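Nothing here was measured: the structure is a model prediction, and the numbers come from that model. For ligands, and for the atoms within them, numbers begin at 1 and follow the listed sequence.
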Amino acid sequence: MHMTELTTERLRLRPFRTDDAGALNRINSRSEVMRYIGKPVETIRNTEDYLRESVLADYSKYGFGRHAVIEQHSGELIGFCGLKYLPDLDEVDIGYRLHPDYWGLGYATEAGQATMKFGREKLGLSRIIGIAMDENTASIEVLKKLGLKPDGRVNHLGTECARFLWQA
Ligand SMILES: CC(C)(COP(=O)(O)OP(=O)(O)OC[C@H]1O[C@@H](n2cnc3c(N)ncnc32)[C@H](O)[C@@H]1OP(=O)(O)O)[C@@H](O)C(=O)NCCC(=O)NCCS
């Protein structure tokens with residue numbers, strides 16, 4: 001298991017626990033957060049299942065997965081940022097999702113930079129991809145700031161998306 005805590009100037013990125021379901025559900029249940037991703041998650045129980053079956057399962061299968069993002073000064077869980085192995089593409093993907101109260105503060109870029117460093121240095125990755133719908137300007141801006149470059153198209157969860165790539 002390679003999941004370690006990462007610290008940035010304003011944030012702490014730590015492994016998720018199942019008791020984060022309430023805090024994460026306040027983010028995943030909002031339609032503006034899920035606008036370019038899918039349907040809002042309905043219940044805390046659904047989010048708990050997602051944590052157990054996806055995030056925590058990734059930690060044990062692959063040794064890494066998405067990190068919880070904690071704002072240092074408030075101690076609040078404000079979203080996630082992290083890497084995920086995608087078996088269908090045989091690639092590692094960087095993803096992020098924040099509560100709207102915390103958008104526009106540079107937090108996704110800050111968390112993403114620490115995540116890229118973790119992927120490069122701790123996991124020894126030489127490729128990291130990003131996937132976003134064309135309309136998701138904020139996400140695409142973050143991918144570019146993290147050094148990923150446009151790399152064609154990909155069909156992801158039934159939607160045609162833009163694919164980005166960082167390569168060592
Ligand atoms: C994508 C997301 C995480 C960005 O978070 P954020 O912390 O607001 O991003 P940052 O503040 O680091 O912004 C990075 C850049 O994107 C730009 N940006 C942010 N939101 C934008 C928007 N709505 N439209 C256009 N540009 C935007 C910023 O201007 C910034 O560039 P700058 O520093 O040169 O000004 C956030 O919007 C989010 O959670 N969205 C919903 C979930 C989602 O779609 N995740 C990605 C799925 S692919």
For [atom], find the nearest protein heavy atom and state the residue, atom name and distance (0.1 Å precision).
{"atom": "atom 13 (O) of ligand 1", "value": "Thr109 OG1, 4.0 Å"}
{"atom": "atom 33 (O) of ligand 1", "value": "Lys145 NZ, 3.0 Å"}
{"atom": "atom 19 (C) of ligand 1", "value": "Ala138 CB, 3.8 Å"}
{"atom": "atom 44 (O) of ligand 1", "value": "Asn136 ND2, 2.8 Å"}
{"atom": "atom 45 (N) of ligand 1", "value": "Tyr96 O, 2.9 Å"}
{"atom": "atom 25 (C) of ligand 1", "value": "Thr137 CG2, 3.8 Å"}
{"atom": "atom 11 (O) of ligand 1", "value": "Gly106 N, 2.7 Å"}
{"atom": "atom 4 (C) of ligand 1", "value": "Ala108 CB, 3.7 Å"}

Based purely on interatomic distance, does Ala132 place a nitrogen or oxygen under 3.5 Å from a nitrogen or oxygen of ligand 1? no
Protein heavy atoms: any of them under 4.0 Å from [atom]?
{"atom": "atom 35 (O) of ligand 1", "answer": "no"}
{"atom": "atom 47 (C) of ligand 1", "answer": "yes"}
{"atom": "atom 7 (O) of ligand 1", "answer": "yes"}

Would you call the rings of His99 and Tyr102 parallel, tilted or perpendicular, taking 30° and 60° as the class edges? perpendicular
Mind checking whether Ile27 and Leu77 have side chains closer than 4.5 Å, heavy atoms only? yes
Mind checking whether Leu146 and Gln113 have side chains closer than 4.5 Å, heavy atoms only? yes
Arg163 and side-chain contact (heavy atoms from CB on, under 4.5 Å): which single residue from Val154, Asn155, Asp93 fits? Val154
So is Ile27 close enough to ligand 1, meaning a heavy atom under 4.0 angstrom away? no
So is Tyr36 touching ligand 1 or not, going by heavy atoms under 4.0 Å? no
At a 4.0 Å threshold, what atoms of ligand 1 neighbour a non-hydrogen atom of [X]?
{"X": "Arg97", "value": "39 (O), 42 (C)"}
{"X": "Gly104", "value": "6 (P), 8 (O), 11 (O)"}
{"X": "Val33", "value": "41 (C), 42 (C)"}
{"X": "Leu105", "value": "11 (O)"}
{"X": "Ile131", "value": "48 (S)"}

Connected via hydrophobic side-chain network under 4.5 Å: Phe80 and Ile44: no
If Ile, Leu, Val, Met, Phe, Trp and Tyr residues are connected whenever their side-chain heavy atoms lie under 4.5 Å apart, and connections chain through other members, are Leu56 and Tyr50 in the same group? yes
Flag yes if more than 12 heavy atoms outside Glu42 fall under 6.0 Å of its CD atom; otherwise flag no. no
For a quick test of reading the model, state the closest non-hydrogen atom pair linking Val69 to Ala111 and the distance between them. CG2-CB, 4.4 Å
